[in-house]
Each structure stands twice: as C-alpha cells, then as structure tokens.
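In what follows, every chain begins at residue 1, and chains take the letters A, B, ... in the order their sequences are listed. Keep in mind that the numbers below use all heavy atoms, side chains included, and drop hydrogens, waters and symmetry copies. What you are looking at is a predicted structure, and each value in this text was computed from that prediction instead of being measured.
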Protein chains: 2
Amino acid sequence: MAEKKKRRRGADLENAILTAAWEQLQAKGYQNVTIEGIAAAAATTKTVLYRRWPDKAHLVIAALSKFGDLPSYHVPATGSLRSDFLDLFGQMATFLAQLQGETLRGLLADRLQHLELGELLNHANDGTALKTLVQPMLDHATQRGEISHADWPDRVINLAGILLINEIISRQDLTATAQVEMVDEILLPIFLAHN
Amino acid sequence: MAEKKKRRRGADLENAILTAAWEQLQAKGYQNVTIEGIAAAAATTKTVLYRRWPDKAHLVIAALSKFGDLPSYHVPATGSLRSDFLDLFGQMATFLAQLQGETLRGLLADRLQHLELGELLNHANDGTALKTLVQPMLDHATQRGEISHADWPDRVINLAGILLINEIISRQDLTATAQVEMVDEILLPIFLAHN
DNA sequence: TCAAATTAGATACGGCCGTATCTTATGTTT
DNA sequence: AAACATAAGATACGGCCGTATCTAATTTGA
C-alpha cells in the first residue's frame with residue numbers, strides 16, 4: 001500500500017516536461033502558457049525547468065524541436081531562380097503553418113526582449129542559415145546565366161528572410177499570393193536588375 | 001505646521017508622471033523601467049497610471065511624444081529618387097538616434113506581444129504613414145521620368161520601413177553605410193527595374 | 001454654498017517570474 | 001554494499017503585473 005516515490009530523471013523527465021509543454025502550447029497558445037503551468041502539468045516544479053531552459057521561449061523551442069514537424073530545408077533546384085524562391089518560401093510556409101501566428105509572434109517578442117549582446121549571434125546565425133540556402137540558388141542562377149553575379153551583400157541575401165518574418169508578424173499569415181508578390185515584385189527585380 | 005495635503009489632478013498630475021517616466025527611461029533604459037517605479041518616482045501610485053495608459057509601452061510612447069524630439073517628417077524633394085530615399089532614411093535615423101536601441105527593441109517587443117486583432121490596424125497605420133511620404137516621392141520620380149510608374153504594391157512601398165526596423169532590431173544601429181546599401185542595393189533596383 | 005460627481009491615493013489581492021535553499025531519492029563509484 | 005555525487009522536488013522569497021476596492025480630497029454645478 002505504500003506510495004511509490006519514483007523520481008524521473010534525465011531524458012525521462014525531460015520528455016515528460018516537453019510533452020507537457022507541447023500539450024499546453026496546443027491547448028492555450030503561447031501567451032497563456034506559463035512555466036509554472038508546464039511544471040505542474042508535468043508533475044514537477046519550475047526549479048527543474050529552470051535548470052534546463054533559461055526561459056519560456058527556449059523551452060517552447062525545445063518542445064517545438066521535439067514534436068513539431070521541423071523543416072528539413074533543402075536547397076531548391078527547380079531550374080529557375082523564380083521558382084527556386086517560390087519553392088523556398090513554400091518550404092518555410094509549410095513549417096510556419098503549424099504554428100498558429102500567435103505562437104510565432106509571442107516567441108519573436110520574447111526573443112526580442114531577451115536579446116542581449118551575446119545572443120545577437122543567434123540572430124546572425126539565423127541569417128547565416130538562410131544564406132546557406134539562398135547562396136547556392138544564386139550560384140546556380142549565375143551558372144545558368146540568369147543573373148550576372150552571385151556575390152551580393154548579406155543584407156540582400158537575407159532579404160527573403162526579412163520579408164517572411166515581417167509578413168508573419170504584420171499579417172499573421174503567409175498566403176501564396178503574398179509569396180508570389182514578394183518574389184516577383186521585390187526579390188527578382190533586385191537580382192535581375194541590369195548592372 | 002500642518003502637512004499640506006495637496007493633490008495634483010488632471011494635466012498637472014499627468015505632467016508629473018510623464019516627467020518621471022522620461023527620467024526613469026533615461027536613467028534605466030526601457031527594460032528596467034517599471035510601472036510601479038515610475039509611479040513611485042512621481043509620488044503617486046500605479047492605480048493612477050493604469051487609469052491613463054494600458055501598459056508600459058503606451059506610457060513610454062506618451063512620454064516620448066512629450067519629451068522626445070519627435071520627427072516632423074516631410075516629403076523629401078531633392079530632385080532624384082536616390083537622394084530622396086537617403087533623405088528619408090536620414091530623417092528616420094535622426095529620430096531613432098535619440099532612442100538607445102534598447103528602448104526601441106523593448107518597445108517593439110512589448111507591442112508585438114500585446115498586438116491583438118484590433119491593434120493590427122495600428123500597425124497598418126504605420127504602414128500608411130510611411131506611404132504618405134514615399135508615394136509622393138514616387139510620383140515625383142515618375143514625373144521626372146526616372147521611373148516608369150508610381151503605382152506599386154503596398155508591400156513594395158512599405159519596404160523602406162521594413163528595412164529600417166529590421167536594421168535597428170538586428171544590428172542595434174542605423175549607420176550611414178547601411179542606409180546607402182539599402183537604397184542602392186535594394187530599393188533602387190526595385191523601382192528602377194525595367195519592366 | 002453645499003451636495004454630488006469625480007478621481008487621487010492607499011491598500012490588498014492573485015498570478016507569474018526567476019532565484020535561492022534545503023531535503024532526499026537515485027545514480028555512480030570503488 | 002557503503003560512500004559519494006548528482007539532481008529532483010519542495011518551499012519560500014522579493015519583484016512586478018494588472019485588478020479591485022475603499023477613502024477622502026478636490027471640482028463641479030445647482
């Protein structure tokens with residue numbers, strides 16, 4: 001009749017927490033999720049959570065990494081720069097579609113607030129990550145003779161990402177129409193501009 | 001010898017609060033400013049502040065409106081689209097220079113978090129405000145024959161604003177070099193693209 | 001001038017944050 | 001198997017948020 005006093009540890013416990021976090025997120029949305037709530041739902045205490053993640057944003061990202069269908073982005077190679085960009089946006093849209101806009105907005109806001117000097121690197125990393133996709137696209141387009149050169153300023157190469165983020169934040173959505181417009185009216189004119 | 005029990009009211013009180021808010025902001029930076037702290041510094045209580053502003057972001061914006069040198073933006077008319085854009089960025093940079101990047105970041109993050117359906121209009125308004133500056137620039141450029149037409153999608157017209165915000169957020173700064181690059185590598189190629 | 005309406009100011013609440021401290025279960029090591 | 005190290009879990013703290021409630025000072029307007 002004695003109560004069991006099992007304690008979960010390590011990966012075991014971590015799974016339970018991330019599962020709880022994921023469920024809470026689905027049920028309540030980012031803004032209404034609390035660290036204490038997740039801890040309670042996982043039948044542990046927030047002390048344990050704070051040992052693993054510095055804040056809600058990181059915890060949610062961890063849960064997202066585990067349970068969200070994370071994108072395995074690949075470099076588009078469709079044969080034209082235009083459809084490459086559309087493909088890229090498509091990949092991103094597929095990923096973002098899972099997150100209700102509210103979660104992404106909340107996440108971004110939190111990250112923005114906690115962005116300290118050191119963490120700016122992360123932000124830069126995001127840029128770098130995007131560049132590893134876009135740069136090959138530009139290389140291919142150059143080889144095909146579609147564009148005159150493949151060396152563009154980082155600000156230009158990262159523009160696709162900026163447009164995407166802005167679209168999500170301000171319109172809470174990333175429609176196919178928007179994707180096409182961003183490619184045709186903004187990105188292509190830049191890369192195809194005669195020099 | 002009796003203590004004075006004067007109570008400030010209305011505009012009087014509001015001034016005192018905004019002054020306190022402004023001082024706190026200068027002294028501590030946005031993130032470290034608290035509603036309670038401002039109330040205390042103004043020798044009143046937060047109840048009074050909450051009667052006037054819904055949250056820290058709005059209070060700070062109010063203080064900013066009162067004490068910051070707010071920009072009286074005017075439509076650049078320098079004679080070329082390129083220098084018009086540079087002028088516009090210059091105006092914005094002047095304004096933003098007052099805010100340490102931290103304040104702008106904090107403000108944006110807060111706004112982002114509290115952005116509910118209704119308030120999205122505000123965001124749209126920002127876009128509209130910018131458009132009232134950019135559209136005339138494009139009209140003039142069209143009249144001069146610099147560009148082929150003046151009717152561009154909102155997404156394109158608002159791009160200057162997006163670039164600006166992104167620059168501040170991710171690099172905490174808005175250098176002259178950055179301004180030139182954004183104009184020469186991004187905006188001009190778009191508007192000058194041959195159709 | 002005096003009652004009524006307003007609103008400043010005081011206080012208290014529950015909620016959550018993030019940290020610190022302590023006990024105690026569970027591993028690990030020898 | 002005993003000693004040791006690790007980490008879970010419990011608890012408590014101060015800070016701030018945003019709200020509610022009460023009182024009393026000040027305006028107002030009849």
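- Distance A:Glu36 CD to D:dG15 C1': 13 Å, rounded to the nearest Å.
- Protein atom CG of B:Leu59 is 11 Å distant from nucleotide atom P of D:dC17, rounded to whole Å.
- In this structure, B:Pro136 and B:Val75 approach most closely via the heavy-atom pair CB-CG1, 3.7 Å.
- Distance, A:Gln113 CD to C:dG18 C1': 15 Å, rounded to whole Å.
- Taking atom CD1 on B:Ile35 and atom P on C:dG15, their separation rounds to 21 Å, with Å as the unit.
- Per the geometry, CD1 belonging to B:Ile17 stands 11 Å off C1' belonging to C:dG9, to the nearest Å.
- Here A:Gln135 pairs with A:Lys131, A:Leu138, A:Asp139, A:Ala150, A:Ile157 under the side-chain contact (heavy atoms from CB on, under 4.5 Å) rule; sequence neighbours left out.
- Per the geometry, CD1 belonging to B:Ile38 stands 16 Å off P belonging to C:dG9, to the nearest Å.
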When the side chains of residues 173-192 of chain A are checked against the rest of the protein, which donor-acceptor pairs come out under 3.5 Å, sequence neighbours left out?
| unit_1 | atom_1 | unit_2 | atom_2 | d |
| --- | --- | --- | --- | --- |
| A:Thr175 | OG1 | A:Ala178 | N | 3.0 |
| A:Gln179 | NE2 | A:Leu174 | O | 3.4 |
| A:Glu181 | OE2 | B:Arg155 | NE | 3.0 |
| A:Asp184 | OD1 | A:Arg82 | NE | 2.7 |
| A:Asp184 | OD2 | A:Arg82 | NH2 | 2.8 |

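- One N or O donor and one acceptor, one from the side chain of A:Arg9 and one from the base of D:dT6, sit under 3.5 Å apart.
- Between B:Arg8 and B:Asp55, the residue anchored closer to the 5' end of DNA chain D is B:Asp55, taking for each the nucleotide with the nearest heavy atom.
- Side-chain atoms of A:Glu146 never come within 3.5 Å of backbone atoms of A:Ser80 as a donor-acceptor pair (strictly under, hydrogens ignored).
- If you measure from atom NZ of B:Lys6 to atom C1' of D:dT26, you get 12 Å, rounded to the nearest angstrom.
- Side chains of A:Thr78 and A:Asp87: a donor-acceptor N/O pair is absent below 3.5 angstrom, by distance only.
- Heavy-atom distances under 4.0 Å link DNA chain C to no residue of residues 19-28 of chain B.
- The ring-ring contact (aromatic ring centres under 6.0 Å, His included) test applied to A:Phe89 returns no partner, not counting sequence neighbours.
- A:Asp110 and B:Gln113 share a side-chain donor-acceptor pair at under 3.5 Å.
- For DNA chain D, the residues of residues 40-51 of chain B within the heavy-atom distance limit of 4.0 Å (strictly under) are B:Lys46, B:Thr47, B:Tyr50, sorted by number.
- Side-chain contact between A:Leu59 and A:Leu18: present, with at least one pair of heavy atoms (C-beta onward) separated by less than 4.5 Å.
- The interatomic distance linking A:Asp12 (CG) with D:dA7 (C1') rounds to 14 Å, in whole Å.
- Legend: salt bridge (Lys or Arg N to Asp or Glu O under 4.0 Å) pairs involving residues 52-62 of chain B, not counting sequence neighbours, sorted by first then second residue: B:Glu14-B:Arg52.
- The phosphate of C:dT6 has neither OP1 nor OP2 within less than 4.0 Å of any side-chain N or O from B:Arg7.
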